[in-house]
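Some notes on the structure that comes next.
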Protein chains: 2
Amino acid sequence: MARTVTRTRRTRPSADQTRERILAAALDLFSDRGFDGASTREIAQRAEVTQPLLNYHFSSKDDLWRAAVDGLFAALTRAMTDRTAGLRGVDELTAARLLVREFIAFSAEMPQLHRIITQECKVDGPRMDWLVERHVRPMYDGITALFSALTEQGHLPAIPPAHLYYILTGAAPTMFVLGPECRRLSGLDPTSDEVVDAHADAVCMFLFGH
Amino acid sequence: MARTVTRTRRTRPSADQTRERILAAALDLFSDRGFDGASTREIAQRAEVTQPLLNYHFSSKDDLWRAAVDGLFAALTRAMTDRTAGLRGVDELTAARLLVREFIAFSAEMPQLHRIITQECKVDGPRMDWLVERHVRPMYDGITALFSALTEQGHLPAIPPAHLYYILTGAAPTMFVLGPECRRLSGLDPTSDEVVDAHADAVCMFLFGH
DNA sequence: GTCTATAATTAGATAGAC
DNA sequence: GTCTATCTAATTATAGAC
């Protein structure tokens, strides 16, 4: 039997679509302009709704920000676990290389990730607390555990994991985070597949020596 | 004969000091909150003057931003050329290692540099044009020229200069730019000399292999 | 659910006294 | 030079019609 929706839904069908449009617009503008710089009017305009509707679906600008960030990290987690799923039985070094490449591809497609973290680090307020404890720390713990294993196996130089973490999270996304600058300086298009692949090659060469 | 100021000065002595206080406050707040997020009222408050005085010394918020950024890059240029001055006759590899260490030390002391570039990249407007052409391109040209020479000599892996540039400008300052996050995640103090030195060691290890 | 209208706050800039 | 007072515009959030 096909699954039927028996529970009476409390929201109209149009609302889900509207929420998604608002969330997508919010992510773009929060990451481009920061929390304060992004106005709810402009988010509403990009989502093609009126501004008070944001307060209907998300009770405040702050709640909207949190919902948009949750969606961003959900996409990152999905990309990384999808990649990991195909890696049963593969040695840790190969797995690490593929995860680094996946992280770079994600950073190129969604530079919003690094941009929002950078933005909130500067403000260093309650949104930062929430962001670190809810989303960043699990990522940090997983990456440093993998790096420690690789260092023990001699595949990475003996560098404290925290430094390794910030070398990776700096070297991987900066070309895309500073995309407009990169375009002006080098003439390269940091959104093109060739440049993303070349950057993944470069970072792997840098990290693993080949 | 000691140099005497014979030219009649058009400004009162107090004004220079006031301008400097305003510039320092502006740099801090622009880099922490971005151009839009920083209010001239708050800059004035931190500089211990009233808000209309900013419009007296700098004709607009935009001009104040430019003056603050000029000061920041002047400090960077001074740090790097002071370092270079003592390097006559030293081979290019040693010079590059010392310059990388100097850049990391500067990034740790003045994370405002990378923060302001990141902020303006997101907005990608006329301030970005000004910033790239006036300040960033000379830096980029110098660094990529040095890297190309080192790659030809076999001291660096064969990575295109643009990618090397963004690996360096990502790996070097990110730990300090995301300082508040780093503190929470690792317990390290990214402003301490030990951590800055350890990070310079780590980056040089990856870049030069030792 | 989605709208129009608006309240309450805050922003950057200017006028003018001293 | 530096201040107080104020203008105009833009912000987030709320009230209430449909």
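Quick note on labels: first sequence line is chain A, next is B, and so on, each numbered from 1. Source: prediction; values computed, not measured.
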- Query: Taking it one step at a time, do B/Asp124 and A/Arg184 satisfy salt bridge (charged side-chain N to carboxylate O under 4.0 Å, His left out)?
  - Reply: CA-CA 11 Å; B/Asp124 195 18; A/Arg184 285 175 175 81; 3.1 Å; yes
- Item | Least distance between heavy atoms, A/Ile159 atom then B/Met205 atom | CD1-CG, 3.9 Å
- Do you know the tightest heavy-atom contact between B/His199 and B/Ala171? NE2-O, 2.9 Å
- Message: Nearest whole Å is fine: how far is C/dA11 P from B/Arg33 CZ?
- Response: 10 Å
- Message: Please report the distance, rounded to the nearest Å, between OH in B/Tyr56 and C1' in C/dA15.
- Response: 15 Å
- Message: Taking only side-chain N and O atoms of A/Thr18, does any of them lie within less than 4.0 angstrom of OP1 or OP2 on C/dG1?
- Response: no
- Task: Kindly write out the residues that satisfy ring-ring contact (aromatic ring centres under 6.0 Å, His included) with B/His135, not counting sequence neighbours, or none if the list is empty.
- Result: B/Phe73, B/Trp130
- Message: Rounded to whole Å, please give me the gap between CZ in A/Phe35 and P in D/dT11.
- Response: 14 Å
- Message: Which residue in the set A/Val177, A/Leu185, A/Val203 passes side-chain contact (heavy atoms from CB on, under 4.5 Å) when paired with B/Tyr166?
- Response: A/Leu185
- Message: Test your reading of the model: is there a side-chain donor-acceptor pair from A/Lys61 to the backbone of A/Phe35, 3.5 Å cut-off?
- Response: yes
- Message: How close do A/Ala96 and A/Leu150 get, counting heavy atoms only, and between which atoms?
- Response: CB-CD1, 3.4 Å
- Item | Given B/Asn55, B/Asp62, B/Asp63, the one that forms side chain to side chain donor-acceptor pair (under 3.5 Å) with B/Ser59 | B/Asp63
- Using heavy atoms and a sub-4.0 Å distance, could you list which residues of residues 57-66 of chain B are near DNA chain C? By number, please. B/Ser60, B/Lys61
Restricting both atoms to N or O, compile the protein contacts to nucleotides 3-7 of chain C shorter than 3.5 Å, with distance only.
from	atom 1	to	atom 2	distance (Å)
C/dC3	OP2	A/Thr50	N	3.2
C/dC3	OP2	A/Thr50	OG1	2.7

- May I have the distance from B/Asn55 (atom CG) to D/dT6 (atom P), rounded to whole angstrom? 18 Å
- Could you check whether A/Ala38 gets within reach of a base, just the sugar-phosphate, or nothing at all, counting any heavy atom under 4.0 Å? sugar-phosphate
- d(CG, B/Asp36; P, D/dT11) in whole Å: 10 Å
- For the pair made of CD1 in A/Ile22 and C1' in C/dT2, what is the distance, rounded to whole Å? 10 Å
- Message: Within this structure, what is the OG-CG distance for the pair A/Ser107 and A/Leu76, rounded to the nearest 0.5 Å?
- Response: 8.0 Å
